[in-house]
Amino acid sequence: MEMLFVRDFAGFTGGHLKFADYMRHTAASGIADPVLYQTPRSRDVSGNIFNDYEGATIDELRPFPAYFLAGEDWFILEAAGIDPGGRPVVNLIQGLRHADPAHPLFAYLARPALRICVSSAVADAIRGHANGDVQVVENGVELDAVVDRRPLAAPPRILIAGFKNPQVARAISARLESHAEVDLVVEQMPRLAFLAKIAAASICVMLPVAREGFFLPPLEAMALERGVVTPDCGGNRAYCRPGENCLMPDYDADALAAAALELAHDQRQLERLAAGGVRTAAKYSVDRERIAYQAALASYLGR
């Protein structure tokens, strides 16, 4: 069975990265064959990870036997006059915005589909509104490049990943720059470059939006054995354990800067949290994600 995957790529995000993982999971399932459609504007965007896709593609939208939709893909089909009703639809839900009645995506929860939610927080938010089965498949992390890691015993270097909140990120940087070497990131960048920045730091301050479905960067930092500082955003409760694998202060510049300095001045705590993060990340592999998704897909399609 061919399954259509729809993408509108305007710039790299973690959501696109996870969508690409699900194309690979589907291709490896032996249950459905992914076919990719990209909007015309997507192909010319620098850093488009889907331009390297080697599987089947189409240039013009048409009806398919099955669909894999995430985010605003519903809008793209609707604009093309395509109604997936009556055909299998897998709906990957990565954010909490879907559960907000004021958001345009909320209405699409009434459409029948298998909902794959990246965390229990997402599933709990939509379950009372979704038409069809709701399954939790927590995000997996895969570090597909060998990168040199800064020794934790070296003088502290603090990465502030603030592309989702540049204002707070700059305020944190101003509070830290006289105390430690700081690497401030306020724009999205290719994943491998971002992983290299994580590995080159000893402490990573990861700033989400206020409410996230999962928020992968802290888990990537844990996998690279870094000290993690991140505020609570809902979805990251799936894996963040304050005092065990990270520090989770309030979401303000003073509290986040103070937590980073706490780790910079406490080598034993930094090493303990980094080790806890490695143990946590080992439980969130992409293989685990793939197996859980393929089982849900098989059950949904009756295979």
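We count residues from 1, following the sequence as given. This one's a predicted model, so the numbers in the text were calculated from it and none came from an experiment.
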Handout entry: Atom of Val6, atom of Leu77 and distance for their closest heavy-atom approach
Key = CG2-CD2, 4.3 Å
Handout entry: Aromatic Tyr284 / basic Arg288 pairing, under 6.0 angstrom, 45° off normal
Key = yes
Practice task
Please determine which of His98, His103, Glu78 meets the side-chain hydrogen bond (donor to acceptor under 3.5 Å, both in side chains) test together with Tyr108.
Solution key: Glu78
Completion exercise
What one should report as the nearest heavy-atom pair of Ile31 and Gln294 is CD1-O, 3.9 Å
Practice task
Could you check if a side-chain atom of Gln94 sits within less than 4.5 angstrom of a side-chain atom of Phe214, using non-hydrogen atoms only?
Solution key: no
Handout entry: Val141 to Ala223 - nearest heavy-atom pair and separation
Key = CG1-CB, 4.5 Å
Practice task
Can you see which heavy atom on Val122 is nearest to which on Ile93, and at what distance?
Solution key: CG1-CG2, 3.5 Å
Exercise for the section: For Ser42 and Gln38, indicate whether the former's side chain and the latter's backbone hold a donor-acceptor pair under 3.5 Å. Expected result: no
Practice task
Output the distance between atom CZ (Arg272) and atom CD (Glu244), rounded to the nearest 0.5 Å.
Solution key: 9.0 Å
Practice task
Check whether any side-chain heavy atom of Tyr37 lies under 4.5 Å from a side-chain heavy atom of Leu4, and answer yes or no.
Solution key: yes
Exercise for the section: Evaluate the side-chain proximity of Leu207 to Ile172: yes if any heavy-atom separation is below 4.5 Å, no if none is. Expected result: yes
Exercise for the section: Output the distance between atom NZ (Lys197) and atom CZ (Arg157), rounded to the nearest 0.5 Å. Expected result: 6.5 Å
Practice task
Please tell me if the side chains of Arg175 and Asp254 come closer than 4.5 Å, counting only heavy atoms from C-beta onward.
Solution key: yes
Problem - Side-chain heavy atoms of Asn91 within contact of Arg111, under 4.5 Å - result: no
Problem - Verify same cluster id: Ile126, Val136 (apolar side-chain graph, 4.5 Å) - result: no
Practice task
Could you tell me whether Gln167 atom CD has more than 12 heavy atoms of other residues or ligands within 6.0 Å of it?
Solution key: no
Practice task
Give a yes or no on whether the backbone of Cys233 and the side-chain of Asn236 come within a donor-acceptor separation of less than 3.5 Å.
Solution key: yes
Problem - Under-4.0 Å salt bridge between Asp59 and Arg43 - result: yes
Problem - Ser119 side-chain N/O to Gly213 backbone N/O, donor-acceptor pair under 3.5 Å - result: yes
Handout entry: Lys NZ or Arg CZ of Arg87 over Phe64 ring: under 6.0 Å, within 45°
Key = no
Practice task
Could you tell me whether Arg211 atom CZ has more than 12 heavy atoms of other residues or ligands within 6.0 Å of it?
Solution key: no
Exercise for the section: For Ala180 and Pro156, work out which heavy atoms get closest and say how close. Expected result: CB-O, 4.0 Å
Completion exercise
Here the pair of heavy atoms bringing Ala169 nearest to Gly162 is CB-CA, 3.6 Å
Handout entry: Distance in Å, Leu219 CG paired with Met206 CE, rounded so as to fall on 0.5 Å steps
Key = 10.0 Å
Problem - Thr280 (side chain) donor-acceptor with Gly276 (main chain) under 3.5 angstrom - result: yes
Handout entry: Test item: Glu2 side-chain N/O and Ala66 main-chain N/O as donor-acceptor pair under 3.5 Å
Key = no
Fill in the blank from the handout: Interatomic distance, CG@Leu152 vs CZ@Arg226, rounded to 0.5 Å, equals 5.0 Å
Problem - Ionic contact status for Asp232 with Arg237, cut-off 4.0 Å - result: yes
Practice task
Please check if the side chain of Asn245 supplies one atom and the backbone of Arg241 the other of a donor-acceptor pair under 3.5 Å.
Solution key: yes
Practice task
Check whether any side-chain heavy atom of Glu72 sits under 4.5 Å from a side-chain heavy atom of Asp8, and report yes or no.
Solution key: no
Handout entry: Parallel, tilted or perpendicular: ring planes of Phe5 versus Phe19, cut at 30 and 60 degrees
Key = perpendicular
Handout entry: Main-chain N/O of Phe12 paired to His16 side chain as donor or acceptor, under 3.5 Å
Key = no
Problem - Side-chain touch Ile116/Val90, heavy atoms, less than 4.5 angstrom - result: yes
Handout entry: Any donor-acceptor N/O pair, Arg150 side chain to Pro155 backbone, under 3.5 Å
Key = yes
Handout entry: Sidechain N-carboxylate O distance under 4.0 Å for Arg7, Asp73
Key = yes
Problem - Arg127/Asp124 ion pair, N-O < 4.0 Å - result: yes
Exercise for the section: Output yes when Glu289 and Lys18 qualify as a salt bridge under the 4.0 Å nitrogen-oxygen rule, no when they do not. Expected result: yes
Problem - Side chain proximity check, Pro249 to Pro231, heavy atoms < 4.5 angstrom - result: no
Problem - Whether Arg115 side chain and Asn131 backbone form a donor-acceptor pair below 3.5 Å - result: yes
Completion exercise
Interatomic distance, NE2@His179 vs CG@Leu176, rounded to 0.5 Å, equals 7.0 Å
Handout entry: Same apolar cluster (I L V M F W Y, side chains within < 4.5 Å links), Leu247/Leu256
Key = yes
Exercise for the section: Calculate, to the nearest 0.5 Å, the distance between atoms CZ and OG belonging to Arg24 and Ser29 respectively. Expected result: 14.0 Å
